[in-house]
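Let me begin by presenting the structure, written as structure tokens, before commenting on it.
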Amino acid sequence: MANENKLQAIIGHCKEYGYVFQSSEIYDGLSAVYDYGQNGAELKRNIRDYWWRSMTQMHENIVGIDAAIFMHPTVWKASGHVDNFSDPMIDNKDSKKRYRVDHLIEAHAETLATEAKDTLLAQMDALLANNDFAGLKQLIEDNKIKCGVSGTGNWTDVRQFNLMFSTQVGSVAEEASEIYLRPETAQGIFVNFLNVQKTGRMKIPFGIAQTGKAFRNEIVARGFIFRMREFEQMEMQFFVRPGTQKEWYEYWKEARMKWHLSLGIPQDSYRFHDHVKLAHYADAACDIEYDFPMGFKEVEGVHSRTDFDLTEHQKYSGKKLTYFDTDINQHYVPYVIETSIGLDRAVMMVLSHAYKEEDLSTPEKQDSRVVLSLPPMLAPIKLAVLPLTKKDGLPELARELMEQCKPYFRCFYEEKDAIGKRYRRQDAIGTPFCVTIDHQTKEDQTVTIRYRDSMLQERIPLAAVIDLIIEKTKMF
Ligand code: GAP
């Protein structure tokens, strides 16, 4: 399937099967904001749980916290977000449409032959690196780049546009002060570094993990849940002794790639992209890119952030944020390796890999199905319990099994429609196992279990169902 078609098919499927809805859809939606439906919310929660447990439960030296979205405004001054968290933008005076300059030039470059494209992108990179806004505007004009809406090249100057959302805290306007909705969860970890280190008696090297919402006023938001204005991050800051950051950076690069592969997604769907132009706080950084329907794009970042954040918070707060290392009898500000993955991007990655349209035609009959081959540990519903018919005591037996399963995993009961149709509906939702209760169940206490991916069916004892599903859907 062509990539654009695959993206559209996934978006349609997500809506049809309760995964993702446009926010405020009855009011025609809110751009780049999405809601998770009954199945999407479960899938997202399972990915979050898997990440959380991989970090905290599986590492004795990593603990998790849950910091507030609102933080003291000086946090964002110290972190550099007030001054640096911005993108160069340009507006078309006729259509009033605003563009991120790099996206506008990149879109134009895509229409050019390879050599011209490479030259244009190299020119753009050089101008961006020097923050040369006049030069960027000139480049847009020289290349006669037009607005997609008005079709004109009537541009404003290029200006920086901060991506943070701000709001007022306080009841009356005079007393109110401006605060920001956090654009990353990481700063909640940095400002709690000493609280956690002291109360948890943590010894370096150790990590603090956190999941939670972040907000960015993305100007060009596209690619479904890939780039949103309200999204969720799963971040971990790993505090290390200065001088050891390179080896820990390599360690976490490898560890995070292993985590990705453990989702059942093959190695050739991933690649590392090492940053050449480093952020002001980093001494090494890379993205883990996944081959989305729109091509290879960042799903996670691994950053060696030096001691930048803690040092800045020391400076702005006037509080010491040092650690006493008893092994070497020294006080120091720890260095930090950060792993930062977008939860919504992880959901989109898992869905992109799982979505399959299969042709099941035989010489006798045309047939096809849409299946979400989600890893069983992440599937919203682990087991569908299906009585073959609505009579002869089969629904009662199926209900009994449902009640027994409920405390252990999420299951779903359905008695309407032919069994084949019910199987296909569960395939589309991504349910890995279906159990059918039939007349034979009454005689010998066995059931038919059907496996989503192979569509194979086998008979197993009714009493073995719970253990089998627990075994096949466990995370570790
Ligand atoms: N603390 C470091 C940090 O925030 P980042 O590269 O800006 O680094 C980390 O973001 C991850 O957050 C990205 O790899 C991506 O998965 C996710 N992310 C960033 N902006 C996003 C957006 N607008 N929508 C969805 N996910 C986003």
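Not measured: the values here are computed from a predicted model. Counting convention: from 1, in listed order, for ligands and their atoms alike.
- Heavy atoms only, all atoms of each residue included: S304 and D283 are closest at OG-OD1, 2.5 Å.
- Around atom 18 (N) of ligand 1, the closest heavy atom drawn from F215, F226, F231 belongs to F231.
- Residue H303 places no N or O, backbone or side chain, under 3.5 Å from any N or O of ligand 1.
- Taking the ring axis of W51 as reference, the NZ or CZ atom of R48 does not stay both within 45° of it and closer than 6.0 Å to the ring centre.
- Remark: minimum distance from atom 6 (O) of ligand 1 to any protein heavy atom is reached at E298 OE2, 3.2 Å.
- W248 and Y251 have perpendicular rings, their planes meeting at more than 60° on a 0 to 90° scale where under 30° would count as parallel.
- The protein heavy atom nearest to atom 10 (O) of ligand 1 is Q233 NE2, 3.4 Å.
- Compare A346, G342, A285, A279 by their heavy atoms: the one nearest to atom 17 (C) of ligand 1 is in G342.
- Remark: ligand 1 atoms within the under-4.0 Å shell around heavy atoms of M228 are 22 (C), 23 (N), 24 (N), 25 (C).
- In this structure, E106 and E110 have side chains that are not in contact, with every pair of non-hydrogen atoms separated by 4.5 Å or more.
- Short contacts between ligand 1 and R305, defined as distances under 4.0 Å to a heavy atom of the residue, involve ligand atoms 1 (N), 2 (C).
- Of the candidates E300, E184, R216, it is R216 that places a heavy atom closest to atom 5 (P) of ligand 1.
- Listed for the Q245 side chain is no donor-acceptor partner under 3.5 Å among the backbone atoms of V336.
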**OP:** Could you go through the side-chain hydrogen bond (donor to acceptor under 3.5 Å, both in side chains) check for Q160 and D87 one step at a time?
**Re:** CA-CA 5 Å; Q160 286 287 67; D87 283 327; over 6 Å; no
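- The ring-ring contact (aromatic ring centres under 6.0 Å, His included) test applied to H13 returns Y17, Y355, not counting sequence neighbours.
- Remark: minimum distance from atom 15 (C) of ligand 1 to any protein heavy atom is reached at R345 NH1, 3.4 Å.
- Compare E338, K297, E230 by their heavy atoms: the one nearest to atom 2 (C) of ligand 1 is in E338.
- For atom 9 (C) of ligand 1, the closest non-hydrogen atom on the protein side is S340 OG, 3.0 Å.
- The ring-ring contact (aromatic ring centres under 6.0 Å, His included) contacts involving residues 142-162 comprise Y99-W155, where partners must be two or more places apart or lie in separate chains.
- Residue contacts with ligand 1, taken as heavy atom pairs separated by less than 4.0 Å, do not involve Q237 at all.
- Side-chain contact between R216 and R229 is absent, with no heavy atoms from C-beta onward closer than 4.5 Å.
- Short contacts between ligand 1 and E235, defined as distances under 4.0 Å to a heavy atom of the residue, involve ligand atoms 1 (N), 2 (C), 3 (C), 4 (O).
- Within the structure, the closest approach of V299 to ligand 1 falls below 4.0 Å when heavy atoms are considered.
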